[in-house]
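Scope of the values below: all heavy atoms of this structure, side chains included, with no hydrogens, waters or symmetry mates. Throughout, numbering of the chain's residues begins at 1 and tracks the sequence. As the structure is a computational prediction, the values presented were derived from the model and not from experiment.
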Amino acid sequence: DPSKCAVFVTGGAGWDIPHFPQKAAAYHMPVAIGVAASWTKYLEVPAKYKSTFFYWWTPDDSFIEIQPTKLIFPAYDAYAWSKSDFTTAGADIQVVKIVPKDLAVMAPDVVK
C-alpha cells in the first residue's frame with residue numbers, strides 16, 4: 001500500500017541503492033525509493049518533505065538547517081557485507097586532510 005510507505009530519496013547514480021532496499025526489507029520498513037533528477041532536486045526534497053529518508057554524509061552541510069536525525073542500523077559487519085548482506089550499517093569512513101609540514105614554502109598562495 002503506497003500510502004503507508006516512507007520516502008527514501010537519493011541522488012547521483014543512486015547512492016545507497018544497492019544497500020538500503022535490503023535494510024528496508026530486513027527491518028520491515030515500507031519505503032518508496034527514488035533518485036532525484038539533479039543535485040538541485042536532491043537538495044529540495046528533504047527540505048520540502050520533512051518525513052523523508054535521504055542519503056547524506058558528513059561533513060557536507062547541505063541539510064544542516066533541517067536538523068536531520070541519523071537512522072541507526074546494527075553496527076557494520078564486514079563479513080556480512082563480504083557476502084552481499086547489507087543489513088548492517090556501512091563502514092565508517094574517516095575524512096582526513098593531509099598536507100606537508102612545509103606547505104607554506106611549497107605553495108605560499110594556498111596558505112594565505
Ignoring hydrogens and geometry, is there a side-chain-to-backbone donor-acceptor pair from D77 to A80 under 3.5 Å?
-> yes
Taken to the nearest 0.5 Å, the spacing of S62 OG from W39 CH2 works out to 4.5 Å
I need the minimum non-hydrogen distance between [X] and [Y], along with the two atoms involved.
X	Y	value
K41	A37	CB-N, 4.3 Å
F53	L71	CE2-CD2, 3.7 Å
F73	A89	CB-N, 3.9 Å
A47	I66	CA-CG2, 4.1 Å

Decide if atom OH of Y76 counts as having more than 12 heavy atoms of other residues, nucleotides or ligands within a radius under 6.0 Å.
-> yes
Please tabulate, one pair per line, all N/O donor-acceptor pairs under 3.5 Å involving side-chain atoms of residues 90-101, not counting sequence neighbours.
none

Can V35 be reached from W57 by stepping across I, L, V, M, F, W or Y side chains whose heavy atoms are under 4.5 Å apart?
-> yes
Kindly list each side-chain donor-acceptor pair under 3.5 angstrom involving residues 4-13, sequence neighbours excluded, with atom names and distances?
residue : atom : partner : partner atom : Å
T10     : OG1  : W15     : N            : 3.3
T10     : OG1  : W15     : O            : 2.6

Could you go through the side-chain hydrogen bond (donor to acceptor under 3.5 Å, both in side chains) check for W56 and D60 one step at a time?
-> CA-CA 8 Å; W56 188 40; D60 177 71; 3.0 Å; yes
Residues 16-32 side chain polar contacts: donor-acceptor under 3.5 Å, at least two apart:
residue : atom : partner : partner atom : Å
D16     : OD1  : H19     : ND1          : 3.2
Q22     : OE1  : F86     : N            : 2.4
Q22     : NE2  : S84     : O            : 3.2
K23     : NZ   : F86     : O            : 2.9
K23     : NZ   : T88     : O            : 3.2
Y27     : OH   : T87     : O            : 2.7

